[in-house]
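First the structure, in the form of structure tokens, and then the observations on it.
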Amino acid sequence: MWPKNKVGSEATDLPVITGKDVRWVTYAALAMLAVVGVAATLCQGYLDQLLGNRKDIAILAAAALILIACDASLMRIAGLKQKPQHLDEAIDDAPKGNEALESSWPTQTDDYQSGIAVVADVVERHLCLDEAMDIQLKKVMEETESAAIMLITEVRTLNDAANTLVSYLHSSHSTAGDMETVIGESVTFISEIGNFVRGLPERIHQDMAIIREAGKEIDELGKLVEDIKSISRQTNLLAINASIEAAHAGKFGRGISVVAAEVRKLSERSDKTAAMIEEGLASAQDAMQNGLKFNFLAESVRDAAKMVESIRSLQENYEDMRQYYKTLFGVVTEHNTRLATEIAEILGQIQFQDVVRQRIERIGFATASRNDLFVELSRTLIEADSGLADVPEKMHRLLEDYQAEEARHGMAGDGDEAEADGLPQFELF
Amino acid sequence: MAKTILIVDDSATMLMSVKSNLEIAGFTVETAEDGVKALTKLKGGVKPDLIITDINMPNMNGIELIQNTRALTGFRFMPILVLTTESQQARRDEAKKLGATGWLVKPVGGADLLKVIKQVLPGA
């Protein structure tokens, strides 16, 4: 990450020898003086024999050597913390300073070259890391693109399925309309039959009443047959009496005897005819009585009426179903329209994949440029090149270029306004 | 008769999403991956009613495509919409000067895109 800008001049004002350094050196000097004092006391006899009157001078010389050693130590520490002059200038010349440069500075002068080697190694490893991450980012872009395309394909399939459903419903709606016409005509015809069948029992009752009247008249005819029989019997008796009287009259009654015989024959024929009429009337009465047995016919009429009622009910149910179907078609069409709108929005939102891809590409480009600078930094450190001073400026320029490039592209706004610079997301010229 | 729209973008995602959106809306859609391919199609007889083009593309970018398209006979007044992630006024002005009809910043919702298209293609 690019470090936050700091005032770089602070780096050159750092104290070379700190109070901590002085304190530790003082402690060391006092310790050494104490050791010299104790040793001089313990070895006083030996020192007297060896140095004689020069013993005190030797002790003072030892103390002086200790102090000189302390001073040298402090100078050594100061030398370790001293930076090369050209680097100080580079830091001073940097536009806003560079914390990374400060924090990574080697702390041991003797290890300066090895520190530079470490920096070069870190830069190299950093480049490798970036390369590995770049591969992953490219993979992410490819995978998200594949996923986006798959999503678009699925969404289109969904849309096609919805359209197929609506087309099917539309076709069914048309077919149902045709069926409605045919069924309506059939129901009208069936209703007429139903009305006829419903009126049939009444008609049959009327016809039966007429038949019953005819039966009564047949009964009346039966009485007339009895009258005919009675007349025939009396005629026969008259004929017999006439024959007896004709026999009493002798040859004068012969003609009457012939007439009486003919009358007797007529009487016998009338009697036979009356019997035949009686038999025919009895058969007619039986036939009528059988015809008046109403149960079976009435049951058939009731069944027919039930059938007509069922058909009427079916027609009503069909009408309900048609209305339901019409409502269903309307609802499905409405939802399909909403679905199409949502699908269009999903397809629009999928464009974020391209927006994100382009952002990653811009980051990749900036990262590659930064890595070039890292390589340059590493090279200039190793070669102690004077070009090192330009690196912070170049890095700063890289940041500005990246930010400018990002600013050129609109941010993903929620409304009609692009967030980047307040310009409209849609503009017709 | 369905209007024809040519979409020019180097992103497969963009091509597919916008194509799907427009086809569902009843348009006939042609696609091209960059300005060169788009120009080849135009010279080859494809006569769209509208071009929707990206700006940043390989081989030939959107700005160059607008310029080259306007130079072709019969394409002087055909509407060209720019659909890009860029939003700066300077780029808009450049596109406008070269003959672009409008500027849309990605991503654009399906309904919004159709609304803009209906504005530049009355009766579509």
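Sequence lines set the chain letters: A, B, ... in the order given, protein chains first and strands last, and positions in each chain run from 1. Everything numeric here is computed off the predicted structure, so don't read it as measured data.
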TODO: Check whether any side-chain N or O of B:Asn68 sits under 3.5 Å from a backbone N or O of B:Glu64 as a donor-acceptor pair, and report yes or no.
DONE: yes
Open item on the list: Taking A:Asp134 first and then A:Lys138, would you say they form a salt bridge - that is, a charged N and a carboxylate O separated by under 4.0 Å?
Closed with: yes
- [ ] Sort B:Leu104 into side chain, backbone, both or neither according to what part of it lies under 4.5 angstrom from a heavy atom of chain A.
- [x] both
Task: Contacting region of B:Leu81 [heavy-atom separation from chain A under 4.5 Å] - done: side chain
Task: Part of A:Leu151 lying under 4.5 Å from any heavy atom of chain B - done: neither
TODO: Of all the heavy-atom pairs spanning B:Leu42 and B:Pro48, show the shortest one and how long it is.
DONE: CD2-CD, 3.6 Å
Open item on the list: Using heavy-atom distances under 4.5 Å, tell me whether B:Val82 contacts chain A through its side chain, its backbone, both, or neither.
Closed with: neither
Task: Geometric class of the A:Phe429/B:Trp103 ring pair [parallel <30°, tilted 30-60°, perpendicular >60°] - done: tilted
- [ ] Report the option among B:Ser20, B:Gly109, B:Pro79, B:Ala95 that has the most heavy-atom pairs separated by less than 4.5 Å from atoms of chain A.
- [x] B:Ser20
- [ ] Test the B:Lys115-A:Phe426 pair against the cation-pi criterion, namely NZ or CZ under 6.0 angstrom from the six-membered ring centroid and within 45° of the ring axis.
- [x] no
TODO: Tell me, for A:Gln353 versus chain B, whether the close heavy atoms (under 4.5 Å) come from the side chain, the backbone, both or neither.
DONE: side chain
Task: chain B contact via A:Glu345 - which portion, at a heavy-atom distance below 4.5 Å - done: both
Open item on the list: Between B:Ala100 and chain A, with a heavy-atom cut-off of 4.5 Å, which part of the residue counts as in contact: side chain, backbone, both or neither?
Closed with: both
Open item on the list: Is it the case that atom OH in A:Tyr325 sees more than 12 heavy atoms from other parts of the structure closer than 6.0 Å?
Closed with: yes
